[in-house]
2 protein chains.
Amino acid sequence: MTAEKIRKFALIHFTQNGYEGASLADISSEVGIKKQSIYNYFKGKDELFLAVFQDVAVREMLFVEDYLKCSSLLTLENMLYGFLNEYRKRYEREDDTKFFLRMAFFPPGHLRREIVDYCNRHLDRTVLLLESFFESAASKGEMHSDVSVERASAAFTALLDGVFVEMLYGDMERSLKRLDASWYVYWRGVKNS
Amino acid sequence: MTAEKIRKFALIHFTQNGYEGASLADISSEVGIKKQSIYNYFKGKDELFLAVFQDVAVREMLFVEDYLKCSSLLTLENMLYGFLNEYRKRYEREDDTKFFLRMAFFPPGHLRREIVDYCNRHLDRTVLLLESFFESAASKGEMHSDVSVERASAAFTALLDGVFVEMLYGDMERSLKRLDASWYVYWRGVKNS
DNA sequence: CCACTCCTTACGAACGTTCGTCAGTTTATT
DNA sequence: AATAAACTGACGAACGTTCGTAAGGAGTGG
(Lines give C-alpha, C1' and ligand atoms only; values in the text may rest on other atoms or scores of the structure.)
Protein backbone atom coordinates (compact mmCIF):
# COMPACT_ATOMS: atom_id res chain seq x y z
CA MET A 1 0.00 0.00 0.00
CA THR A 2 2.61 2.52 1.07
CA ALA A 3 4.94 1.18 -1.59
CA GLU A 4 2.28 1.89 -4.19
CA LYS A 5 1.84 5.44 -2.96
CA ILE A 6 5.57 5.98 -3.11
CA ARG A 7 5.65 4.73 -6.69
CA LYS A 8 2.74 6.97 -7.59
CA PHE A 9 4.17 10.20 -6.23
CA ALA A 10 7.65 9.32 -7.39
CA LEU A 11 6.26 9.07 -10.91
CA ILE A 12 4.75 12.54 -10.59
CA HIS A 13 7.93 14.12 -9.27
CA PHE A 14 10.27 12.38 -11.68
CA THR A 15 8.03 13.44 -14.53
CA GLN A 16 7.86 17.05 -13.39
CA ASN A 17 11.43 17.60 -12.17
CA GLY A 18 13.55 14.86 -13.69
CA TYR A 19 15.76 12.43 -11.83
CA GLU A 20 18.13 14.96 -10.30
CA GLY A 21 15.41 17.52 -9.66
CA ALA A 22 13.15 15.15 -7.75
CA SER A 23 14.15 14.72 -4.10
CA LEU A 24 13.21 11.84 -1.86
CA ALA A 25 12.15 14.42 0.73
CA ASP A 26 9.57 15.91 -1.62
CA ILE A 27 8.26 12.53 -2.68
CA SER A 28 7.97 11.15 0.83
CA SER A 29 6.29 14.27 2.18
CA GLU A 30 3.50 13.83 -0.35
CA VAL A 31 3.12 10.22 0.73
CA GLY A 32 2.94 11.40 4.34
CA ILE A 33 6.15 9.82 5.59
CA LYS A 34 9.77 10.83 6.10
CA LYS A 35 12.35 10.21 3.44
CA GLN A 36 14.13 7.54 5.48
CA SER A 37 11.03 5.37 5.39
CA ILE A 38 11.35 4.99 1.65
CA TYR A 39 14.28 2.70 2.42
CA ASN A 40 11.89 0.18 3.93
CA TYR A 41 10.61 -0.44 0.41
CA PHE A 42 13.45 0.44 -1.93
CA LYS A 43 17.18 0.11 -1.59
CA GLY A 44 17.74 3.66 -2.75
CA LYS A 45 16.80 6.35 -5.20
CA ASP A 46 18.04 4.36 -8.18
CA GLU A 47 15.97 1.31 -7.33
CA LEU A 48 12.87 3.43 -6.83
CA PHE A 49 13.45 5.16 -10.12
CA LEU A 50 13.99 1.94 -12.02
CA ALA A 51 10.90 0.40 -10.44
CA VAL A 52 8.83 3.35 -11.62
CA PHE A 53 10.44 3.16 -15.04
CA GLN A 54 9.66 -0.53 -15.30
CA ASP A 55 6.02 0.06 -14.31
CA VAL A 56 5.62 2.77 -16.88
CA ALA A 57 7.28 0.81 -19.67
CA VAL A 58 5.03 -2.19 -19.05
CA ARG A 59 1.87 -0.07 -19.03
CA GLU A 60 3.01 1.76 -22.12
CA MET A 61 3.52 -1.42 -24.07
CA LEU A 62 0.27 -2.84 -22.74
CA PHE A 63 -1.60 0.17 -24.04
CA VAL A 64 -0.21 -0.27 -27.53
CA GLU A 65 -0.88 -4.00 -27.59
CA ASP A 66 -4.41 -3.59 -26.27
CA TYR A 67 -5.31 -0.92 -28.77
CA LEU A 68 -3.97 -2.87 -31.71
CA LYS A 69 -5.76 -5.99 -30.52
CA CYS A 70 -9.10 -4.19 -30.28
CA SER A 71 -8.69 -2.39 -33.60
CA SER A 72 -7.59 -5.26 -35.77
CA LEU A 73 -10.83 -5.17 -37.74
CA LEU A 74 -10.80 -1.48 -38.57
CA THR A 75 -9.55 -0.03 -41.81
CA LEU A 76 -6.00 1.27 -41.74
CA GLU A 77 -7.27 4.83 -41.83
CA ASN A 78 -9.53 4.43 -38.81
CA MET A 79 -7.02 2.35 -36.95
CA LEU A 80 -4.18 4.85 -37.29
CA TYR A 81 -6.28 7.92 -36.63
CA GLY A 82 -7.82 6.21 -33.63
CA PHE A 83 -4.37 5.31 -32.41
CA LEU A 84 -3.27 8.93 -32.52
CA ASN A 85 -6.31 10.09 -30.63
CA GLU A 86 -6.29 7.35 -28.02
CA TYR A 87 -2.65 8.06 -27.33
CA ARG A 88 -3.40 11.76 -27.06
CA LYS A 89 -6.16 11.10 -24.54
CA ARG A 90 -3.95 8.79 -22.57
CA TYR A 91 -1.25 11.44 -22.57
CA GLU A 92 -3.64 13.94 -21.04
CA ARG A 93 -4.92 11.42 -18.50
CA GLU A 94 -1.70 9.83 -17.25
CA ASP A 95 1.86 10.88 -16.53
CA ASP A 96 3.17 7.65 -18.03
CA THR A 97 3.95 8.81 -21.53
CA LYS A 98 5.44 12.11 -20.43
CA PHE A 99 7.71 10.30 -17.99
CA PHE A 100 8.70 7.78 -20.60
CA LEU A 101 9.52 10.44 -23.16
CA ARG A 102 11.52 12.51 -20.69
CA MET A 103 13.64 9.58 -19.61
CA ALA A 104 14.06 8.25 -23.13
CA PHE A 105 15.30 11.62 -24.37
CA PHE A 106 17.26 12.72 -21.32
CA PRO A 107 18.08 9.76 -19.10
CA PRO A 108 20.07 10.30 -15.91
CA GLY A 109 23.71 9.81 -16.86
CA HIS A 110 24.57 6.83 -14.69
CA LEU A 111 21.52 4.83 -15.85
CA ARG A 112 21.77 5.86 -19.45
CA ARG A 113 22.71 2.56 -21.03
CA GLU A 114 20.10 0.59 -19.14
CA ILE A 115 17.34 3.01 -20.10
CA VAL A 116 18.36 3.51 -23.71
CA ASP A 117 18.54 -0.24 -24.28
CA TYR A 118 15.10 -0.73 -22.82
CA CYS A 119 13.66 2.09 -24.92
CA ASN A 120 15.17 0.71 -28.09
CA ARG A 121 13.63 -2.69 -27.47
CA HIS A 122 10.34 -0.97 -26.70
CA LEU A 123 10.50 1.02 -29.92
CA ASP A 124 11.50 -1.98 -32.02
CA ARG A 125 8.57 -3.96 -30.71
CA THR A 126 6.13 -1.12 -31.35
CA VAL A 127 7.34 -0.70 -34.92
CA LEU A 128 7.09 -4.45 -35.43
CA LEU A 129 3.49 -4.52 -34.28
CA LEU A 130 2.57 -1.57 -36.44
CA GLU A 131 4.29 -2.87 -39.54
CA SER A 132 2.23 -6.05 -39.56
CA PHE A 133 -0.88 -3.89 -39.77
CA PHE A 134 0.55 -1.86 -42.61
CA GLU A 135 1.49 -5.09 -44.30
CA SER A 136 -2.01 -6.49 -44.28
CA ALA A 137 -3.51 -3.12 -45.20
CA ALA A 138 -1.19 -2.92 -48.18
CA SER A 139 -2.30 -6.32 -49.38
CA LYS A 140 -5.91 -5.17 -49.12
CA GLY A 141 -5.14 -2.19 -51.32
CA GLU A 142 -5.69 0.44 -48.64
CA MET A 143 -2.35 2.06 -49.33
CA HIS A 144 -0.97 3.64 -52.46
CA SER A 145 1.48 1.36 -54.17
CA ASP A 146 4.09 4.15 -54.40
CA VAL A 147 4.42 4.11 -50.61
CA SER A 148 6.27 1.15 -49.15
CA VAL A 149 5.26 -0.41 -45.87
CA GLU A 150 8.51 0.64 -44.21
CA ARG A 151 8.11 4.21 -45.30
CA ALA A 152 4.49 4.42 -44.24
CA SER A 153 5.14 3.00 -40.79
CA ALA A 154 8.32 4.98 -40.24
CA ALA A 155 6.53 8.18 -41.23
CA PHE A 156 3.67 7.31 -38.91
CA THR A 157 5.85 6.77 -35.88
CA ALA A 158 7.60 10.03 -36.67
CA LEU A 159 4.20 11.68 -36.86
CA LEU A 160 3.29 10.20 -33.49
CA ASP A 161 6.49 11.54 -31.95
CA GLY A 162 5.81 14.93 -33.44
CA VAL A 163 2.42 14.98 -31.77
CA PHE A 164 3.94 13.95 -28.45
CA VAL A 165 6.46 16.72 -28.69
CA GLU A 166 3.80 19.30 -29.30
CA MET A 167 1.95 18.08 -26.23
CA LEU A 168 5.09 18.44 -24.14
CA TYR A 169 4.82 22.16 -24.75
CA GLY A 170 1.46 21.99 -23.05
CA ASP A 171 -0.39 24.14 -25.52
CA MET A 172 -3.41 21.92 -26.14
CA GLU A 173 -4.95 24.14 -28.81
CA ARG A 174 -1.82 24.14 -30.91
CA SER A 175 -1.22 20.43 -30.49
CA LEU A 176 -4.75 19.58 -31.65
CA LYS A 177 -4.26 21.79 -34.67
CA ARG A 178 -1.01 20.06 -35.50
CA LEU A 179 -2.44 16.62 -34.99
CA ASP A 180 -5.21 17.44 -37.42
CA ALA A 181 -2.84 18.92 -40.00
CA SER A 182 -0.27 16.15 -39.67
CA TRP A 183 -2.83 13.44 -40.04
CA TYR A 184 -4.55 15.15 -42.95
CA VAL A 185 -1.32 15.47 -44.93
CA TYR A 186 -0.07 12.04 -43.89
CA TRP A 187 -3.16 10.24 -45.02
CA ARG A 188 -3.27 12.17 -48.27
CA GLY A 189 0.24 10.90 -48.89
CA VAL A 190 -0.44 7.29 -47.99
CA LYS A 191 -3.98 6.46 -49.04
CA ASN A 192 -4.88 4.73 -52.27
CA SER A 193 -6.57 7.06 -54.78
CA MET B 1 37.53 35.29 -23.18
CA THR B 2 37.05 33.37 -19.96
CA ALA B 3 33.42 34.39 -19.96
CA GLU B 4 33.04 32.86 -23.39
CA LYS B 5 34.65 29.63 -22.28
CA ILE B 6 32.32 29.48 -19.30
CA ARG B 7 29.33 29.95 -21.60
CA LYS B 8 30.62 27.27 -23.93
CA PHE B 9 31.14 24.56 -21.33
CA ALA B 10 28.01 25.55 -19.46
CA LEU B 11 26.07 24.91 -22.66
CA ILE B 12 27.60 21.46 -22.94
CA HIS B 13 26.85 20.52 -19.35
CA PHE B 14 23.34 21.95 -19.30
CA THR B 15 22.61 20.09 -22.51
CA GLN B 16 23.97 16.82 -21.22
CA ASN B 17 22.78 16.88 -17.62
CA GLY B 18 20.02 19.45 -17.43
CA TYR B 19 19.86 22.43 -15.10
CA GLU B 20 19.86 20.52 -11.83
CA GLY B 21 22.29 17.90 -13.05
CA ALA B 22 24.93 20.39 -14.19
CA SER B 23 27.15 21.68 -11.39
CA LEU B 24 29.22 24.84 -11.40
CA ALA B 25 32.14 22.76 -10.16
CA ASP B 26 32.07 20.55 -13.24
CA ILE B 27 31.69 23.49 -15.59
CA SER B 28 34.47 25.53 -14.04
CA SER B 29 36.88 22.61 -13.91
CA GLU B 30 36.54 22.20 -17.67
CA VAL B 31 37.25 25.88 -18.10
CA GLY B 32 40.30 25.47 -15.91
CA ILE B 33 39.20 27.65 -13.01
CA LYS B 34 37.55 27.19 -9.62
CA LYS B 35 33.81 27.42 -9.37
CA GLN B 36 33.93 30.62 -7.30
CA SER B 37 35.62 32.42 -10.17
CA ILE B 38 32.46 32.09 -12.22
CA TYR B 39 31.04 34.79 -9.98
CA ASN B 40 33.43 37.28 -11.50
CA TYR B 41 31.35 37.03 -14.68
CA PHE B 42 27.88 35.92 -13.60
CA LYS B 43 25.83 36.70 -10.51
CA GLY B 44 24.95 33.05 -10.04
CA LYS B 45 23.84 29.84 -11.66
CA ASP B 46 20.54 31.27 -12.83
CA GLU B 47 22.16 34.21 -14.58
CA LEU B 48 24.67 31.93 -16.29
CA PHE B 49 21.90 29.62 -17.40
CA LEU B 50 19.74 32.41 -18.74
CA ALA B 51 22.71 33.93 -20.56
CA VAL B 52 23.35 30.60 -22.27
CA PHE B 53 19.68 30.23 -23.04
CA GLN B 54 19.59 33.69 -24.57
CA ASP B 55 22.65 32.96 -26.70
CA VAL B 56 21.17 29.75 -27.97
CA ALA B 57 17.77 31.26 -28.72
CA VAL B 58 19.33 34.06 -30.72
CA ARG B 59 21.53 31.71 -32.73
CA GLU B 60 18.59 29.40 -33.30
CA MET B 61 16.44 32.16 -34.70
CA LEU B 62 19.33 33.50 -36.74
CA PHE B 63 19.80 30.10 -38.35
CA VAL B 64 16.17 29.96 -39.42
CA GLU B 65 16.17 33.52 -40.74
CA ASP B 66 19.42 33.03 -42.62
CA TYR B 67 18.32 29.82 -44.25
CA LEU B 68 15.00 31.26 -45.35
CA LYS B 69 16.72 34.36 -46.67
CA CYS B 70 19.16 32.34 -48.77
CA SER B 71 16.51 29.95 -50.04
CA SER B 72 13.86 32.42 -51.06
CA LEU B 73 14.34 31.62 -54.73
CA LEU B 74 14.05 27.85 -54.45
CA THR B 75 10.91 25.87 -55.10
CA LEU B 76 8.90 24.98 -52.01
CA GLU B 77 9.96 21.36 -52.35
CA ASN B 78 13.67 22.14 -52.40
CA MET B 79 13.34 24.81 -49.76
CA LEU B 80 11.56 22.58 -47.25
CA TYR B 81 13.69 19.53 -47.87
CA GLY B 82 16.81 21.64 -47.64
CA PHE B 83 15.54 23.11 -44.41
CA LEU B 84 15.12 19.68 -42.88
CA ASN B 85 18.59 18.63 -43.89
CA GLU B 86 20.34 21.83 -42.89
CA TYR B 87 18.69 21.63 -39.50
CA ARG B 88 19.73 18.03 -39.17
CA LYS B 89 23.33 18.89 -39.97
CA ARG B 90 23.27 21.78 -37.54
CA TYR B 91 21.86 19.45 -34.91
CA GLU B 92 24.79 17.10 -35.33
CA ARG B 93 27.30 19.95 -35.35
CA GLU B 94 26.11 22.08 -32.43
CA ASP B 95 24.57 21.56 -29.02
CA ASP B 96 22.26 24.53 -29.55
CA THR B 97 19.18 22.74 -30.78
CA LYS B 98 19.46 19.91 -28.29
CA PHE B 99 19.78 22.41 -25.45
CA PHE B 100 16.89 24.43 -26.74
CA LEU B 101 14.64 21.40 -27.06
CA ARG B 102 15.55 20.09 -23.62
CA MET B 103 14.79 23.38 -21.93
CA ALA B 104 11.65 24.00 -23.96
CA PHE B 105 10.26 20.59 -23.03
CA PHE B 106 11.54 20.35 -19.48
CA PRO B 107 12.46 23.76 -18.12
CA PRO B 108 13.79 24.09 -14.57
CA GLY B 109 10.77 24.73 -12.36
CA HIS B 110 11.64 28.17 -11.03
CA LEU B 111 12.40 29.56 -14.50
CA ARG B 112 9.53 27.84 -16.23
CA ARG B 113 7.37 30.81 -17.10
CA GLU B 114 10.26 32.87 -18.45
CA ILE B 115 11.46 30.05 -20.68
CA VAL B 116 8.06 28.91 -21.89
CA ASP B 117 7.12 32.47 -22.85
CA TYR B 118 10.33 32.90 -24.78
CA CYS B 119 9.87 29.59 -26.57
CA ASN B 120 6.32 30.43 -27.54
CA ARG B 121 7.40 33.70 -29.07
CA HIS B 122 10.22 31.87 -30.85
CA LEU B 123 7.82 29.28 -32.20
CA ASP B 124 5.26 31.86 -33.29
CA ARG B 125 7.88 33.77 -35.19
CA THR B 126 9.19 30.64 -36.89
CA VAL B 127 5.71 29.61 -37.98
CA LEU B 128 5.08 33.14 -39.24
CA LEU B 129 8.22 33.09 -41.39
CA LEU B 130 7.39 29.66 -42.79
CA GLU B 131 3.78 30.49 -43.55
CA SER B 132 4.74 33.38 -45.80
CA PHE B 133 6.73 30.92 -47.91
CA PHE B 134 3.84 28.51 -48.08
CA GLU B 135 1.60 31.41 -48.99
CA SER B 136 3.66 32.44 -52.00
CA ALA B 137 4.21 28.82 -53.02
CA ALA B 138 0.47 28.24 -52.95
CA SER B 139 -0.11 31.21 -55.22
CA LYS B 140 2.44 29.77 -57.65
CA GLY B 141 0.53 26.51 -57.76
CA GLU B 142 3.23 24.43 -56.07
CA MET B 143 0.79 23.05 -53.52
CA HIS B 144 -2.33 21.00 -54.00
CA SER B 145 -5.42 23.12 -53.57
CA ASP B 146 -6.94 20.63 -51.11
CA VAL B 147 -4.21 21.46 -48.61
CA SER B 148 -4.50 24.82 -46.91
CA VAL B 149 -1.48 26.90 -46.07
CA GLU B 150 -2.10 26.55 -42.34
CA ARG B 151 -2.34 22.78 -42.58
CA ALA B 152 0.75 22.45 -44.72
CA SER B 153 2.88 24.60 -42.45
CA ALA B 154 1.54 23.10 -39.23
CA ALA B 155 2.21 19.61 -40.58
CA PHE B 156 5.70 20.64 -41.61
CA THR B 157 6.65 21.99 -38.21
CA ALA B 158 5.28 18.82 -36.66
CA LEU B 159 7.41 16.84 -39.09
CA LEU B 160 10.44 18.88 -38.09
CA ASP B 161 9.79 18.21 -34.42
CA GLY B 162 9.38 14.53 -35.15
CA VAL B 163 12.80 14.48 -36.78
CA PHE B 164 14.34 16.33 -33.84
CA VAL B 165 12.87 13.82 -31.45
CA GLU B 166 14.29 10.93 -33.35
CA MET B 167 17.70 12.56 -33.22
CA LEU B 168 17.42 12.97 -29.47
CA TYR B 169 17.50 9.18 -29.26
CA GLY B 170 20.87 9.38 -30.93
CA ASP B 171 20.31 6.56 -33.39
CA MET B 172 21.46 8.28 -36.55
CA GLU B 173 20.55 5.43 -38.88
CA ARG B 174 16.99 5.31 -37.69
CA SER B 175 16.58 9.08 -37.74
CA LEU B 176 17.77 9.31 -41.33
CA LYS B 177 15.34 6.60 -42.31
CA ARG B 178 12.52 8.45 -40.61
CA LEU B 179 13.47 11.76 -42.13
CA ASP B 180 13.37 10.19 -45.57
CA ALA B 181 10.05 8.47 -44.94
CA SER B 182 8.42 11.49 -43.31
CA TRP B 183 9.47 13.80 -46.08
CA TYR B 184 8.42 11.37 -48.81
CA VAL B 185 4.92 10.97 -47.39
CA TYR B 186 4.62 14.65 -46.51
CA TRP B 187 5.49 15.88 -49.95
CA ARG B 188 3.19 13.31 -51.58
CA GLY B 189 0.41 14.78 -49.45
CA VAL B 190 1.18 18.41 -50.18
CA LYS B 191 2.48 18.66 -53.74
CA ASN B 192 0.35 19.60 -56.70
CA SER B 193 -0.32 16.67 -59.06
C1' DC C 1 -6.45 -13.49 29.22
C1' DC C 2 -1.89 -12.43 29.68
C1' DA C 3 2.95 -12.39 28.49
C1' DC C 4 6.38 -13.16 25.27
C1' DT C 5 8.69 -12.97 20.92
C1' DC C 6 8.94 -11.75 16.10
C1' DC C 7 8.36 -8.83 12.33
C1' DT C 8 7.02 -4.80 10.01
C1' DT C 9 7.02 0.04 9.62
C1' DA C 10 7.97 4.58 10.81
C1' DC C 11 11.03 8.05 12.91
C1' DG C 12 14.84 11.04 15.01
C1' DA C 13 19.49 11.84 14.65
C1' DA C 14 23.33 11.91 12.32
C1' DC C 15 26.50 10.68 8.50
C1' DG C 16 29.52 12.33 4.61
C1' DT C 17 29.14 14.73 0.43
C1' DT C 18 27.93 18.12 -2.73
C1' DC C 19 25.62 22.15 -3.84
C1' DG C 20 25.52 27.36 -4.75
C1' DT C 21 27.24 31.39 -2.70
C1' DC C 22 29.90 35.09 -0.16
C1' DA C 23 34.09 37.37 1.73
C1' DG C 24 38.76 38.35 1.73
C1' DT C 25 43.35 37.92 -0.40
C1' DT C 26 46.80 37.15 -3.78
C1' DT C 27 48.32 37.37 -8.54
C1' DA C 28 48.83 39.37 -12.99
C1' DT C 29 48.15 43.07 -16.43
C1' DT C 30 48.17 47.60 -17.92
C1' DA D 1 49.62 52.20 -8.45
C1' DA D 2 45.32 50.54 -10.04
C1' DT D 3 42.22 47.29 -11.73
C1' DA D 4 40.58 43.00 -13.03
C1' DA D 5 40.65 38.11 -12.34
C1' DA D 6 41.97 34.21 -10.13
C1' DC D 7 42.69 32.17 -5.80
C1' DT D 8 41.72 30.18 -0.63
C1' DG D 9 38.57 29.48 2.85
C1' DA D 10 34.32 29.06 4.71
C1' DC D 11 29.22 29.19 4.87
C1' DG D 12 24.39 27.20 5.36
C1' DA D 13 21.44 24.24 3.00
C1' DA D 14 20.16 20.26 0.79
C1' DC D 15 21.16 15.84 -0.87
C1' DG D 16 21.01 10.49 -0.45
C1' DT D 17 21.99 7.26 2.96
C1' DT D 18 22.72 4.60 7.45
C1' DC D 19 21.92 3.52 12.22
C1' DG D 20 19.51 2.51 16.28
C1' DT D 21 15.08 2.58 18.26
C1' DA D 22 10.23 2.85 19.38
C1' DA D 23 5.36 1.64 18.27
C1' DG D 24 2.09 -1.62 16.72
C1' DG D 25 0.23 -6.07 15.12
C1' DA D 26 0.40 -11.20 14.53
C1' DG D 27 1.16 -15.41 16.29
C1' DT D 28 2.40 -18.62 20.12
C1' DG D 29 2.71 -20.84 24.67
C1' DG D 30 1.45 -20.74 29.34
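Below, chains carry the letters A, B, ... as their sequence lines are ordered, and counting in each starts from 1.
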Between [atom2] on [N] and [atom1] on [X], what's the gap in Å once rounded to a whole number?
| X | N | atom1 | atom2 | value |
| --- | --- | --- | --- | --- |
| A:Ile6 | C:dT9 | CD1 | C1' | 11 Å |
| B:Phe49 | C:dT21 | CZ | P | 14 Å |
| A:His110 | D:dG16 | NE2 | C1' | 11 Å |
| B:Asp26 | C:dT17 | CG | P | 17 Å |
| A:Lys45 | C:dT17 | NZ | P | 19 Å |
| A:Ile33 | C:dG12 | CD1 | P | 12 Å |
| A:Tyr19 | D:dC15 | OH | C1' | 11 Å |
| B:Glu47 | C:dC22 | CD | P | 11 Å |

OP1, OP2 of [N] versus side-chain N and O of [X]: anything below 4.0 Å?
| X | N | value |
| --- | --- | --- |
| A:Ser23 | D:dC15 | yes |
| A:Thr2 | C:dA10 | yes |
| B:Tyr39 | D:dA6 | no |
| A:Tyr41 | C:dT8 | no |

Checking B:Lys45 side chain against B:Tyr19 main chain: does a donor-acceptor pair fall under 3.5 Å?
yes
How do A:Lys43 and A:Ala25 order along DNA chain D: which one's closest nucleotide is nearer the 5' end?
A:Ala25
Residue pair B:Thr75 / B:Lys140, side-chain heavy-atom distance below 4.5 Å
no
What nucleic acid atoms does A:Ala3 come within less than 4.0 Å of, heavy atoms only: base, sugar-phosphate, or nothing?
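A:Ala3: no heavy atom of the nucleic acid under 4.0 Å.
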Do the rings of B:Phe14 and B:Phe99 sit parallel, tilted or perpendicular, given the 30° and 60° boundaries?
tilted
Check whether the side chain of B:Lys35 and the base of C:dG20 form a donor-acceptor pair under 3.5 Å.
yes
Check: B:Gln36 side chain, C:dG20 base, donor-acceptor under 3.5 Å
no
From the list C:dG20, D:dA5, D:dT17, which nucleotide is the closest neighbour of the side chain of B:Asn40?
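The listed nucleotide nearest to B:Asn40's side chain is D:dA5.
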From C-beta outward on B:Lys34, which listed nucleotide comes closest to its side chain: C:dC22, D:dT8, C:dC11?
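The closest nucleotide is D:dT8.
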Quick one: do A:Lys35 and A:Asp26 make a salt bridge, cutoff under 4.0 Å?
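No, no charged N to carboxylate O under 4.0 Å.
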Where is the tightest heavy-atom contact between B:Gly189 and B:Val147, given as atom of each residue plus distance?
O-CG2, 3.4 Å
